[in-house]
Trainee: 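Sending over a structure as structure tokens; questions will come in a sec.
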Amino acid sequence: MNLFDSVMLERRIFANKDVLRPSYIPENLPHRKQQIKQLAEILSAALRGETPSNILIYGKTGTGKTATVKYVAKELEETSHRIGAKSEIVYINSEIFDTQYRVFAYLARIFNRKVPVMGWPTDMVYEAFREGVDRERRCVIVVLDEIDRLVRNGDEVLYNLSRINSELSRARVSVIGISNDLIFTERLDPRVKSSLGEEEIVFPPYDAKQLSDILEERAAVAFNENVLAEGVIPLCAALAAQEHGDARRALDLLRISAEIAERASSDVVTEEHVRMACERIEMNKVAEVVRTLPLHSKIVLGSMLFLGRENCRKKFTSGEIYNMYRKMCVFVGIEPLTQRRVSDLIAELDMLGLLNATVVSRGRYGRTKEISLSVPEKNLRDVLFDHRLKSLESFRIRTQMTL
DNA sequence: CTTCCACGGGAACACTGGGGTG
DNA sequence: CACCCCAGTGTTCCCGTGGAAG
């Protein structure tokens, strides 16, 4: 077969793969009419020269929050450009700009102020931004995506942002916060909370039927005709609906199923391919998370593996894990962390869904955490022992010899 | 009622990479 | 140039606390 024959084969299934990617923002957002309308109504104030209310948007991952906001933002900017109103939308992903300093530095840079990546006191950065926006009469809408990330180390950013209007003479700033955590406002100062949540919009999870609609729409563009077997879309929708109605998940499933079919040189995507895709996504997710784990977290996970191997048990107490962790650290010549710190690492691993930890009180024998692995062992092994931990693979034999 | 172990909040500290000032 | 200031991150230290077995 010619080198390019295999490439040409791809065309048999995909017509345009990009529309299945998470970054793609469709022109039409099924089942989000109401949210779009609500958002547009609030923001339309900007076109009338008023300051739109601050908005909080809630919804789980893959419920279309970001897509909706970006879509409405685009429309708004176009309209305001057409009628000569000055409104700008700044989109900030708080996962990347996750501190007060970084948010204001980014904002200041948008408004043509030079601010170093670090080094300045924050009030100077804030001042640079304030001065930058206030240069001209305009309405600036700051979108803070994943806003809950910002609140983890204090709510000062939000406080400063919400009171900035009182220090502006020409410009006006309003904030749209996007959160997938429904209760994150509880950590906020009441004043910030009420100012930020003047309007609230909720994005409910999609059900299987709605996910099907979304998939159908994209599939019509993404695939050539008749490449999807009958039950493929309903199955992707159903699987994703089980996971809190995550549309991104559904689209990933569909795309990867098709990629698998393609690689198997199949002309059609079948339900079997979807099942394989489902498994692969799960494995990749775990592998990716584990690979990027900090060194000590890896050792903690590793200690679970070794404990499990030596004891034929699933659950271990934090004490057992810490002891094993220490031994392993000594073995590879790394200074062990304190128990307190390791307990935080365990909590993080729990959050990531790699471990399952529950606090139990064992009466006379004190309080502890019972911890078990919550992913298959085989998904961990290959990826856990990176170059620094290679030597640990012979760890088990040594311990048995010393016992 | 005591006793025990580790949980987990909070303060303090060390360190990094960058500022501005004299 | 030396020196101190600043935000941010990761860590240690200290300690009050929960709650069932004994």
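As the structure is a computational prediction, the values presented were derived from the model and not from experiment.
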Trainee: Below 4.5 Å, heavy atoms only, C-beta onward: do Arg172(A) and Lys86(A) meet side chain to side chain?
Mentor: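 SC-SC contact between Arg172(A) and Lys86(A) ruled out.
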Trainee: Can you see whether Tyr71(A) has Lys74(A) sitting over its ring - NZ or CZ less than 6.0 Å from the centre and within 45° of the normal?
Mentor: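 Not satisfied by the 6.0 Å and 45° rule.
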Trainee: What's the CG-C1' distance between Leu337(A) and dG8(B), to the nearest Å?
Mentor: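 It is 17 Å, rounded to the nearest whole Å.
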Trainee: Identify each donor-acceptor pair in which a side-chain atom of residues 192-205 of chain A lies under 3.5 Å from a protein atom, sequence neighbours left out, and give them as a table.
Mentor:
from: Ser194(A); atom 1: OG; to: Pro190(A); atom 2: O; distance (Å): 3.4
from: Ser194(A); atom 1: OG; to: Arg191(A); atom 2: O; distance (Å): 3.2
from: Glu198(A); atom 1: OE1; to: Asn54(A); atom 2: N; distance (Å): 2.7

Trainee: Enumerate the residues from residues 356-369 of chain A whose closest heavy atom to DNA chain C is under 4.0 Å, giving them by residue number; use none for an empty result.
Mentor: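 DNA chain C contact set from residues 356-369 of chain A: Ser361(A), Gly363(A), Arg364(A), Tyr365(A), Gly366(A), Arg367(A).
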Trainee: Quick one: ring-ring contact (aromatic ring centres under 6.0 Å, His included) partners of Tyr206(A), sequence neighbours excluded?
Mentor: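 Listed in chain order: nothing, the list is empty.
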Trainee: In whole Å, I'd like the distance from the CG atom of Asp344(A) to the C1' atom of dG10(B).
Mentor: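 Rounded to the whole Å, the gap is 12 Å.
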Trainee: For the residue pair Ser174(A) / Thr51(A), report whether a side-chain donor-acceptor contact shorter than 3.5 Å exists.
Mentor: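 No, no side-chain donor-acceptor contact under 3.5 Å.
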Trainee: Is the distance between the ring centroids of Tyr325(A) and Tyr322(A) under 6.0 Å?
Mentor: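 When the ring centroids of Tyr322(A) and Tyr325(A) are compared, they turn out to be within the sub-6.0 Å range.
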Trainee: Roughly how many Å is it from CD in Glu320(A) to C1' in dC5(B), rounded to a whole number?
Mentor: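 In whole Å, dC5(B) C1' lies 13 Å from Glu320(A) CD.
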Trainee: State the CD1-OH distance between Ile176(A) and Tyr91(A), to the nearest 0.5 angstrom.
Mentor: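 So the CD1 of Ile176(A) and the OH of Tyr91(A) are separated by 11.5 Å.
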Trainee: Does CZ in Arg137(A) sit with more than 12 non-hydrogen atoms of other residues, nucleotides or ligands closer than 6.0 Å?
Mentor: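 Atom CZ in Arg137(A) is not crowded, with 12 or fewer foreign heavy atoms closer than 6.0 Å.
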Trainee: Which pairs would a plain distance check flag for residues 273-290 of chain A, meaning a side-chain donor or acceptor within less than 3.5 Å of a matching protein atom at least two apart in sequence or in another chain?
Mentor:
from: His273(A); atom 1: ND1; to: Thr270(A); atom 2: N; distance (Å): 3.0
from: His273(A); atom 1: ND1; to: Thr270(A); atom 2: OG1; distance (Å): 3.2

Trainee: Using a cut-off of strictly less than 4.0 Å between a heavy atom of the residue and any atom of DNA chain C, enumerate the qualifying residues of residues 110-123 of chain A by number.
Mentor: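 Here the set is Trp120(A), Pro121(A), Thr122(A).
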Trainee: Taking CZ in Arg135(A) as the centre, count heavy atoms belonging to other residues, nucleotides or ligands within less than 6.0 Å. Is the count above 12?
Mentor: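 For Arg135(A), atom CZ is not crowded (no more than 12 foreign heavy atoms under 6.0 Å).
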Trainee: Distance under 4.0 Å to a non-hydrogen atom of chain A counts as contact; along DNA chain C, which nucleotides mark the start and end?
Mentor: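 Both ends considered, the range comes out as dC6(C) to dG22(C).
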Trainee: Report the distance from atom CZ of Arg341(A) to atom P of dA6(B), rounded to the nearest whole Å.
Mentor: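 These atoms are roughly 19 Å apart.
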Trainee: Round to a whole Å and report the spacing from CD of Glu335(A) to C1' of dA14(B).
Mentor: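 Rounded to whole Å, this separation is 15 Å.
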